[in-house]
Amino acid sequence: MSAEPEELKPFLDALARVPPHPGRLDRDALLFDAGRRSAPRGVFWPLAALGLAVLSAGLTVALAGRSPGVVTVERIVYVPAPAPKIPAESAAEPEPAPAAASPDWVEGLRLRQRVARDGVNALSSPAWAAPPPRADIPTYSELRLNAPVEKGELFR
Amino acid sequence: MDAATFARLIDRYAPALVLYARQWCAAPEDVVQEAFLAVVARGGAPEPAGPWLFRVVRNRAISAARSERRRRRREHDAAARKAPWFYGDPGGELDTAALRDALAELPDEQREAIVAHLWGGLTFEEVGELMGCSTSMAYRRYVAGVGALRARLGGVVCPPNPKS
């Protein structure tokens with residue numbers, strides 16, 4: 001069926017020698033586009049976008065299906081607190097007693113209380129005895145405080 | 001498909017495909033470009049590539065023509081008249097402007113058969129499959145179209161070039 005009429009052969013040869021015009025078709029731009037489209041595409045970003053889309057859809061469903069009965073409301077409540085117990089003798093705190101109070105310490109304490117109450121008159125009876133006089137030390141009476149002093153006596 | 005093979009495919013079929021798509025739509029270059037990008041998307045053209053490319057361009061051009069017809073038919077006609085269909089050949093035997101006008105006035109099925117066979121290189125069997133008719137019907141359309149063209153160009157056909 002490829003045989004063509006002989007009477008049309010010269011005309012067909014003339015037609016075939018007229019090349020069609022490609023118009024605005026840009027061969028280089030077409031090759032560039034083809035190369036860009038044939039480049040292998042990574043799978044990371046499509047998979048990441050898919051995963052995030054699934055995640056956001058799940059969160060949306062979870063948020064929409066959450067029960068509205070559970071509502072958290074913050075309120076400030078004042079509760080009266082019991083007053084702290086203050087012991088009666090706390091104003092005058094006793095001095096801490098020594099673990100083992102000696103008799104001298106007790107006697108001293110009593111003496112201090114008497115002096116505080118009655119003054120120094122409470123000390124009428126001395127608590128200590130004077131030592132016996134010593135022979136090598138002159139007494140007041142033996143001292144000649146008002147006797148005239150001879151010249152040069154002081155410098156002996 | 002490597003770049004060299006793809007470039008050869010463009011050089012071989014792109015001009016004929018643009019001429020083929022002109023009878024339907026105002027932007028045949030876009031249709032042809034999409035067809036070649038479809039080759040890339042599918043990882044290569046089937047063998048033989050010519051009939052497959054013509055079929056893709058035909059489907060896309062008709063689809064584009066439906067969209068265009070709704071919005072700007074007059075602009076399509078003006079653009080079709082302005083765009084060059086053939087390379088000018090001062091030493092050639094045919095007046096390309098007259099050839100364009102004569103080709104545009106042919107019935108669609110005759111013009112389609114002529115472009116697909118004469119410039120596209122498809123066999124009559126492939127042209128028949130492309131147009132959805134038998135091989136003999138494609139041949140008859142082709143012969144009738146060429147006869148009509150010759151009759152229309154009778155007065156403008158240059159005498160044979162003695163150098164050729």
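Each chain gets a letter, A, B and so on, in the order its sequence line appears, and its residues count up from 1.
- The backbone N or O of A:Gly23 lies less than 3.5 Å from no partner atom in the side chain of B:Trp85, so there is not a single donor-acceptor pair.
- Expressed to the nearest 0.5 Å, how far CG of A:Leu12 lies from CZ of B:Arg150 amounts to 9.0 Å.
- Both B:Tyr20 and B:Leu9 are members of a single hydrophobic cluster when ILVMFWY side chains are connected at heavy-atom separations under 4.5 Å.
- The structure places CG of B:Leu37 at 5.5 Å from CG of A:Asp33, a figure rounded to the nearest 0.5 Å.
- Counting non-hydrogen atoms of neighbouring residues, nucleotides and ligands closer than 6.0 angstrom, the CD atom of B:Glu125 reaches no more than 12 such neighbours.
- Your options are B:Ile10, B:Thr123, B:Val115, and the one with the most heavy-atom pairs under 4.5 Å with chain A is B:Ile10.
- In plain terms, the two heavy atoms of A:Pro20 and B:Ala16 that are nearest each other are CG-N, 3.9 Å.
- Within the 4.5 angstrom heavy-atom criterion, atoms from both the backbone and the side chain of B:Leu149 approach chain A.
- Here the CZ atom belonging to B:Phe86 is positioned 14.0 Å from the CZ atom belonging to A:Arg17, to the nearest 0.5 angstrom.
- A continuous path of Ile, Leu, Val, Met, Phe, Trp and Tyr side chains, each step under 4.5 Å between heavy atoms, connects A:Leu31 with B:Phe36, placing both in one hydrophobic cluster.
- Taking each heavy atom of A:Ser38 and B:Val40 in turn, the nearest pair found is CB-CG1, 3.5 Å.
- For residues 18-41 of chain A, every residue pair satisfying the ring-ring contact (aromatic ring centres under 6.0 Å, His included) rule, not counting sequence neighbours, is listed here: A:His21-B:Tyr87.
- Remark: A:Leu15 CG to B:Leu153 CG distance equals 7.5 Å, nearest 0.5 Å.
- Closest heavy-atom contact between B:Glu29 and A:Pro22: CG-O, 3.6 Å.
- B:Leu118 and B:Met137 are not part of a single hydrophobic cluster, where members link through side-chain heavy atoms under 4.5 Å apart.
- The environment of B:Arg42 atom CZ is dense: over 12 non-hydrogen atoms of other residues, nucleotides or ligands sit within 6.0 angstrom.
- Residues B:Trp52 and B:Val18 share a single hydrophobic cluster, defined by chaining ILVMFWY side chains whose heavy atoms lie under 4.5 Å apart.
- Nearest heavy-atom pair across B:Ala7 and A:Arg27 is CB-NH2, 3.4 Å.
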